[in-house]
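All residue numbers in this chain count up from 1 along the given sequence. Since the structure is predicted, the reported quantities are computational estimates derived from the model, not experimental observations.
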Amino acid sequence: KPTLIMLRTLIAYGSPNKQGLADAHGSPLGIEEVRLTKRFLGCPEDEDFCVPDQPVAQMRSAVEKGADAQRRWEARLADYREAFPELAAQWDAALNRTLAPGWRDGLPDFAGSGPVATRSASGKALNLLAARVPELFGGSADLAPSNKTIIDASHDFQAASPDGRNIRFGVREHAMAAICSGMALHGGPRPYCGTFLVFADYMRPAIRLTALMRQPVIYVFTHDSLAVGEDGPTHQPVEHLASLRLFSGLTVIRPADAAETVTAWEAALENTAGPTALILSRQKLPVLDRAVLAPADGLKKGAYALKDVDGKADITLIATGSEVHIALAAADALAEKGVAARVVNMPSWELFEAMPDAYKKETLPDDGAPRLAVEAGHPMGWERYLGGRGDMIGVTGFGASAPGGQVMARFGFTAENVTARALALLGKQGPKEKN
């Protein structure tokens, strides 16, 4: 159990002129005040450091105690390895953050299925992975049924059932993220936690520290756009994707369909150098036909040509998440008008930026063709990928209260509007519409 030690202290104790004053908090004492403080504390004034004999002896006694404890622990661990070799191997894998052979076997295949919300695909992937990655351990901030973060084969983690793998964090997003950081720092569990994307703001300080410490926590953010619908602007994330992308060391992934969601979970587990945020839809999305489109494992490159054209494209459409199928429909409409549109799916800026320059230039060639990006979020930052003749369909205000499909249409996230904006960018239509 944790121990809380409470001490009453006096700031700058021993300093004759700054004891008890706020000046001692943000400013150095100064040479003369340090000398006077040493005199008060009985320290030699000509020595840089003064440590009394009593605390030195007390602390150095821990060396011998620690060495003895280490020997006893290593002996117990050796006995454990001999008695339970399989469990010991699991222990080693968890502590070393390595995944057992075959951990991907049996992951869901959504090919040929009807539309699936990426949050639902995430829940199925999580449950299959949990059977092969026993260190997966986590929960949600009172939204587990909506976030699909429950491990069905397990029970709740409680004092009376510490072997449970589901944590009921309650409505305390900041504490949830901080607890996951602590578990990651301890080693062993591979923690994940979930909430709605709009509530990521409550977690920002803890996410920032996790990224700073490079701990492999997995954040499951669902209800990722204006398509949340009737809950209205308070629950419809707009600036949140852009704000998460600001974190150094955080890998943000917004998959386009169920197949990519499975791949996104793979990428998250393979990323042991820092945290990963999975950005998932509430609404059902078409499962892309990979027989005619590029395979879903392109997600691990951050961006890839989902639908290419023969020869040079007239325009490149770039999209993420639920807007990818809209971009594909717009490309088909443009083809009917004699316009060759290439569709690039860009689920993760961070993964894309980690790719070699040659691949990045191949994916987004500087061939003079205009680029049109489509994402149901704030456009800040997208200018780096738009090139000299680029445009963006995004959201610069807040959402609206209406059914999700109506809200998306109201803000221009339709194949018709993407087609019109592409034609305007090519100079084949009048002034582009405003959203």
Side-chain angles (χ1 to χ4, degrees), residues 1-74 95 97 141 159 162 167 169-189 191 193 195 199-217 219 239-240 242-250 272-275 277:
K1 296 180 179 179
T3 299
L4 176 65
I5 300 175
M6 299 181 67
L7 302 174
R8 292 186 177 275
T9 64
L10 185 61
I11 193 170
Y13 174 75
S15 170
N17 298 304
K18 293 191 177 182
Q19 178 176 299
L21 300 178
D23 287 352
H25 181 80
S27 303
L29 295 178
I31 295 175
E32 180 59 20
E33 193 67 15
V34 167
R35 187 180 63 80
L36 295 174
T37 303
K38 287 180 176 179
R39 181 182 300 172
F40 175 85
L41 296 173
C43 293
E45 297 179 25
D46 58 346
E47 293 184 9
D48 289 338
F49 296 97
C50 172
V51 183
D53 293 339
Q54 183 181 2
V56 169
Q58 176 70 26
M59 296 304 294
R60 287 183 177 167
S61 69
V63 175
E64 184 177 345
K65 292 179 182 177
D68 181 60
Q70 179 73 18
R71 285 190 293 270
R72 287 186 283 111
W73 163 251
E74 290 178 351
L95 285 182
R97 293 172 178 166
I167 304 179
F169 286 105
V171 188
R172 46 179 71 87
E173 289 86 355
H174 173 78
M176 173 179 71
I179 288 167
C180 285
S181 293
M183 287 194 287
L185 284 165
H186 176 278
C193 60
T195 187
F199 299 143
D201 285 344
Y202 302 145
M203 302 162 59
R204 289 191 68 81
I207 294 175
R208 185 176 190 271
L209 285 177
T210 307
L212 190 154
M213 296 184 293
R214 302 178 182 177
Q215 295 303 305
V217 175
Y219 305 108
E239 71 278 15
H240 300 76
S243 68
L244 287 175
R245 287 168 177 153
L246 290 173
F247 284 120
S248 175
L250 173 65
T272 58

Exercise. Apply the test side-chain hydrogen bond (donor to acceptor under 3.5 Å, both in side chains) to residues Q54 and Q58: give CA-CA distance (whole Å), side-chain angles for both, the deciding distance (0.1 Å), then the verdict.
Key: CA-CA 6 Å; Q54 183 181 2; Q58 176 70 26; over 6 Å; no
Quiz item: For R245, does the CZ atom have more than 12 heavy-atom neighbours from other residues, nucleotides or ligands under 6.0 Å away?
Solution: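 Enclosed.
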Quiz item: Is R35 atom CZ crowded by more than 12 heavy atoms from other residues, nucleotides or ligands, each under 6.0 Å away?
Solution: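 Result for CZ/R35: enclosed.
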Quiz item: Does a side chain donor of either S181 or Q215 reach within less than 3.5 Å of an acceptor in the other side chain?
Solution: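 Looking only at side-chain atoms, Q215 and S181 do not form any donor-acceptor pair under 3.5 Å.
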List the atom of [X], the atom of [Y], and the distance in Å for their closest heavy-atom pair.
| X | Y | answer |
| --- | --- | --- |
| A184 | V217 | CB-CG2, 4.0 Å |
| A12 | A24 | CB-CB, 3.4 Å |
| R97 | T272 | O-CG2, 3.8 Å |
| L250 | A277 | CD1-N, 3.9 Å |
| H174 | P205 | CE1-CB, 3.9 Å |

Hey, are the side chains of [X] and [Y] touching, using non-hydrogen atoms and a 4.5 Å cut-off?
| X | Y | result |
| --- | --- | --- |
| V51 | M59 | no |
| Y219 | T195 | no |
| D68 | R72 | yes |

Quiz item: What do you reckon, C43 and C50 SGs under 2.5 Å?
Solution: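 In this structure, C43 and C50 share a disulfide.
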Under the 3.5 angstrom rule, does the side chain of [X] hit a backbone N or O of [Y] as a donor-acceptor pair?
| X | Y | answer |
| --- | --- | --- |
| Q19 | G14 | yes |
| K18 | P28 | yes |
| E173 | A141 | no |

Exercise. For E239 and D201, run side-chain contact (heavy atoms from CB on, under 4.5 Å): C-alpha distance rounded to whole Å, both residues' side-chain angles, the deciding distance at 0.1 Å, then the answer.
Key: CA-CA 10 Å; E239 71 278 15; D201 285 344; 4.2 Å; yes
